[in-house]
Amino acid sequence: MNILAIETSCDETAIALLKAQGGLRAPKFSVLENLVSSQIPIHRPFGGVVPNLAKREHLKNLPLLLQRLMIQDSRIRNKKILDLESSFMNQIDLVTVTVGPGLEPALWTGINFAKELASKYKKPLIGANHLEGHLYSFLLLQKTGIMIHDSRIKNLFPAVALIVSGGHTILLRVESFSKWRRLGETRDDAVGEAFDKVARLLNLPYPGGPEIEKLAKIGNPSAIAFPRPMLHEKNYDFSFSGLKTAVLYYLKENLNAKKTDIAACFQQAAIDVLIAKTMRAAEAYGARSIILGGGVAANAALKKTLGLTAKKAGCAFFAPGKTYYGDNAAMIGAAGYMAHLQKKKCPLKADGTLDI
Ligand code: KG4
Ligand code: ZN
């Protein structure tokens, strides 16, 4: 089925067109178009996302992105089309839009836009969960078809999934593409939020994750002994606010400290905890694979070390392709497809704290 997906939960306006098939047991996604309009330069002077600015930008960007998507799609199909919008919408089987979690004013812009479009062309519309999008994002592949070989999909479960973003740090035990249980989560800051806050302490621009990673590459990860919060506790929860405070105190007491070493040691401490808890869960639950998702999955050190550690433990490792770490609409298309197959009744209203 052809899916049009819309994502406006935070500071990226995103629209995607994808083909989905295979059903709940072996879903396959082919991403035909995946457009993201980032608002980072607009929020950067404020050091974080300003919800009303995000809303204003989504309202402006949504029609422009849809227009671009339709033009690109009509080129692919190599047709001269007079009524672009209705020709485009005729091929759509399902419209899906993020309903949460996220910033509610931002979410509403996408929901209202999707409602109008779906009702104008009498298309089914389903709400999608942003976190489920991150969970499924490893299944996405640009244009060419199927990324993961069917045999690997068959041996995927049980899996342990680590979702790491600016708002969440969640560990799940995943039984199937439609069944999972939360094992643990952060008790305070999300890991992406900790990267962003530490970056601010180091006077680096927003978003801080990529900036910290750049500095960390040339720093010494053993120069400073930052704490590994909750590493030895038997639960699967995380805590990152103490680590951020340790960086703050270190900076106060060491005025000439090298930013590169601080970045490398902070990143190492955060990664150590994420990997240790994920692997402990994998062992406890006999996981056959580890799934990584969310914006922080862009961190090459995390992805590489988790991948190697998983392999050593005999687990397969799955992470999203480069385009799909951060917020995008293709992953919402995947979440919408799965919700549609399960006939999920997700109300079409913004829910800032929607759970996975
Ligand atoms: O999933 P995402 O795009 O948005 C949310 O749903 O929150 O994640 C954004 C978060 C930000 O906190 C950002 O700093 C972090 O992901 N991030 C990174 C990297 N790239 C983005 N964190 C660490 N290393 C990176 N390379
Ligand atoms: Zn996200």
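First listed ligand is number 1; within each ligand, the first listed atom is number 1. No experiment lies behind these values; they were computed from the predicted model shown.
- In this structure, Leu348 is not a member of the same hydrophobic cluster as Leu103, with clusters built from ILVMFWY side-chain heavy atoms closer than 4.5 Å.
- The backbone and the side chain of Asn299 each have at least one atom closer than 4.0 Å to an atom of ligand 1 (non-hydrogen atoms only).
- Look at Glu193 and Lys197 and you find a salt bridge, because one of the NZ, NE, NH1 or NH2 atoms lies within 4.0 Å of a carboxylate O, short of that distance.
- A side-chain donor-acceptor contact under 3.5 Å links Asp188 and Ser239.
- Nearest protein heavy-atom neighbour of atom 25 (C) of ligand 1: Gly209 C, 3.6 Å.
- Between Arg280 and Glu283 no salt bridge is recorded (no basic side-chain N to carboxylate O distance below 4.0 Å).
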Checklist entry - So Lys277 and Asn235, side chain to side chain donor-acceptor pair (under 3.5 Å) or not? Walk me through it. => result CA-CA 8 Å; Lys277 293 232 157 169; Asn235 54 53; 3.1 Å; yes
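- Ligand 1 places these atoms under 4.0 Å from at least one heavy atom of Gly167: 7 (O).
- Close to ligand 1: His130, with a non-hydrogen atom less than 4.0 angstrom away.
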Next on the checklist: Could you go through Thr13 and His58, starting from their C-alpha distance and side-chain angles, then the distance that decides it, and tell me whether this counts as side chain to side chain donor-acceptor pair (under 3.5 Å)?
Outcome noted: CA-CA 6 Å; Thr13 317; His58 288 314; 2.8 Å; yes
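- What you find for Lys115 and Leu125 is that their closest heavy atoms are CA-CD2, 3.6 Å.
- Residue contact check for ligand 1: Cys10 places no non-hydrogen atom closer than 4.0 Å to it.
- Looking only at distances, a side-chain donor or acceptor of Glu7 sits under 3.5 Å from a matching main-chain atom of Ser9.
- If you number the atoms of ligand 1 from 1 as listed, the ones under 4.0 Å from a heavy atom of Gly192 come out as 12 (O).
- The closest protein non-hydrogen atom to atom 15 (C) of ligand 1 is Val296 CG2, 3.9 Å.
- Taken together through direct or relayed side-chain contacts under 4.5 Å among Ile, Leu, Val, Met, Phe, Trp and Tyr, Tyr285 and Ile290 form part of one hydrophobic cluster.
- Protein heavy atom nearest atom 26 (N) of ligand 1, with residue, atom name and distance: Glu213 OE1, 2.7 Å.
- The protein heavy-atom contact nearest to atom 2 (P) of ligand 1 is Asp327 OD1, 3.3 Å.
- Each of the following atoms of ligand 1 lies closer than 4.0 Å to a heavy atom of Gly326: 3 (O).
- Panel detail: the Zn ion (ligand 2) has protein N, O or S atoms under 2.8 Å away, 3 in number.
- Scanning all protein heavy atoms for the shortest distance to atom 7 (O) of ligand 1 gives Gly166 N, 2.8 Å.
- Relative ring orientation between Phe238 and Phe240 is described as parallel, the plane-to-plane angle staying below 30° on a 0-90° scale split at 30° and 60°.
- Using modelled atom types and a 3.5 Å distance limit, the side chains of Glu33 and Gln72 yield a donor-acceptor pair.
- Here the heavy atom of the protein found nearest to atom 14 (O) of ligand 1 is Asp196 OD1, 2.6 Å.
- Aromatic rings from Phe177 and Phe157 are positioned such that their centres are separated by under 6.0 Å.
- A continuous path of Ile, Leu, Val, Met, Phe, Trp and Tyr side chains, each step under 4.5 Å between heavy atoms, connects Ile332 with Leu24, placing both in one hydrophobic cluster.
- Distance from atom 17 (N) of ligand 1 to its nearest protein heavy atom, with residue and atom name: Gly295 O, 3.7 Å.
- Counting heavy atoms closer than 4.0 Å to ligand 1, residue His134 contributes side-chain atoms (C-beta onward) but none from N, CA, C or O.
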